[in-house]
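Okay, structure first, notes after.
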Amino acid sequence: MTRIDDTFARLRAQGKKAFVAYIMGGDPDAATSLAVMQGLPAAGVDVIELGMPFTDPMADGPTIQAAGQRALEGGMTMDKVLNMVRAFRAGDNTTPIVLMGYYNPIYSRGVDRFLKDAQDAGIDGLIVVDLPPEEDDELCIPAQKAGLNFIRLATPTTDDKRLPKVLQNTSGFVYYVSITGITGAAAAQATDVGPEVARIKRSTDLPIIVGFGINTPEQAKSIASVADGCVVGSAIVKDIGAGVPVQDVLAKVKALSDGAHSA
């Protein structure tokens, strides 16, 4: 059982939906990013997704792309992302942390070294958006053996023929992408998402968490009501990029988490 598994078991027992927040590691600088991260649990965040900055983030819209660029220009590296996690773990050993990003920085580091370092730092799971199931031997299987959840994305174009392949080595939760396209591009609609979540649930017992296109507490509640929870990223990252003070960013996160938890 990972921290992710424990968290979803607890939420299920409480009859609550999950709220997941995404921030980019090192955006706009290491200190600010860590301050936001450390405040997320008290703002109602059940699972933290921490972005690994990368030069070519193909699935991300302009807001997340800009965040990654700011982080890289500020000198953020994989080592510094992992150090952020270590610093967070010094004060919080229960909130799950999922590293989200692309395979290239992991490949460059070396899979075995990366997994050992991630585990030592206190990472619980991985979302690697450009590694399809056909490449499970590259990272997914070794990650599972190292005790990390490997979380896969399902999308509106993941049909019933493809779905079993997507689910076969997935653990922790399934991240359902509510829209076709990039992050921050459109608003998620519960009327579209609900039937898709129900379809995926017929094939897995894993929690289904919905992300992309959720920007307000009302949307968080609406989407969480038809799934096991929701993810908000761009709406939070946008405020960080605009220089909104940390306490105000966290107040917005609290309003979003309250929305999801009221579903």
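Positions are given from 1, in the same order as the sequence printed here.
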Point to revise | Heavy-atom closest contact (Val128 atom, Tyr102 atom, distance) | key: CG1-C, 3.9 Å
Practice item. Evaluate the criterion side chain to side chain contact (heavy atoms under 4.5 Å, CB included) for residue pair Glu49 and Ile127; output intermediate values, then yes/no. Key: CA-CA 9 Å; Glu49 284 182 8; Ile127 299 174; 3.6 Å; yes
Check your understanding: Is there a donor-acceptor pair closer than 3.5 Å between any side-chain N or O of Gln219 and the backbone N or O of Thr216?
Key -> yes
Exercise for review: Take Leu163 and Ile200 through the test side chain to side chain contact (heavy atoms under 4.5 Å, CB included) and record every step on the way to the result.
Suggested key: CA-CA 8 Å; Leu163 187 59; Ile200 296 168; 4.3 Å; yes
Practice item. Mark yes or no for whether Thr7, through its side chain, and Arg3, through its backbone, hold a donor-acceptor pair below 3.5 Å. Key: yes
Point to revise | Reported NZ-to-OG distance for the pair Lys221 and Ser257, which is rounded to 0.5 angstrom | key: 13.5 Å
Review point. Which of these, Lys16, Lys201, Lys17, Arg12, sits in a side chain to side chain donor-acceptor pair (under 3.5 Å) with Asp228?
Key: Lys201
Check your understanding: Between Asp248 and Lys252, is the closest basic N to carboxylate O distance under 4.0 Å?
Key -> no
Exercise for review: Drop me the distance from Phe54's CZ to Ile64's CD1, to the nearest 0.5 angstrom.
Suggested key: 15.5 Å
Check your understanding: Does the pair Asp120/Arg86 count as a salt bridge with the N-to-O cut at 4.0 Å?
Key -> no
Practice item. Report whether Leu50 and Leu72 are members of the same hydrophobic cluster (ILVMFWY, side-chain heavy atoms less than 4.5 Å apart, transitive linking). Key: no
Check your understanding: Under 3.5 Å, side chain of Ser33 to main-chain N/O of Met24, donor-acceptor pair present?
Key -> yes
Check your understanding: Between the side chains of Thr2 and Asn149, does any donor sit under 3.5 Å from an acceptor?
Key -> yes
Exercise for review: Find the distance between CZ (Phe173) and CD1 (Ile209) and round it off to the nearest 0.5 Å.
Suggested key: 6.0 Å
Practice item. Examine the side chains of Thr155 and Thr158 and answer whether a donor and an acceptor come within less than 3.5 Å of each other. Key: yes
**Study point:** Glu196/Arg199 ion pair, N-O < 4.0 Å
**Key:** yes
Practice item. Over all heavy atoms of both residues, which pair between Val226 and Val197 is shortest? Give the atoms and the distance, please. Key: O-CG1, 3.4 Å
Point to revise | Distance in Å, Met100 CE paired with Leu153 CG, rounded so as to fall on 0.5 Å steps | key: 5.5 Å
**Study point:** Worked check of side chain to side chain contact (heavy atoms under 4.5 Å, CB included) between Leu139 and Leu126
**Key:** CA-CA 10 Å; Leu139 180 63; Leu126 303 173; 4.2 Å; yes
Point to revise | Check ion pair Arg89-Asp124 (N to O, under 4.0 angstrom) | key: yes
Review point. With a 4.0 Å cut-off, would you call Arg113 and Asp117 a salt bridge?
Key: yes
Check your understanding: From Cys230 SG over to Tyr175 OH, what is the distance, rounded to the nearest 0.5 angstrom?
Key -> 10.0 Å
Review point. Run the side chain to side chain contact (heavy atoms under 4.5 Å, CB included) check on Phe8 and Leu206 step by step: do they pass?
Key: CA-CA 9 Å; Phe8 281 109; Leu206 291 170; over 6 Å; no
**Study point:** Under-4.0 Å salt bridge between Asp136 and Arg152
**Key:** yes
**Study point:** Closest heavy-atom pair and its distance - Ile151, Ser171
**Key:** CG1-O, 3.4 Å
Exercise for review: Grab the two heavy atoms, one from Ser222 and one from Ala190, that are nearest each other, plus how far apart they are.
Suggested key: OG-CB, 3.2 Å
Check your understanding: Charged N to carboxylate O under 4.0 angstrom, Arg162 versus Glu134?
Key -> yes
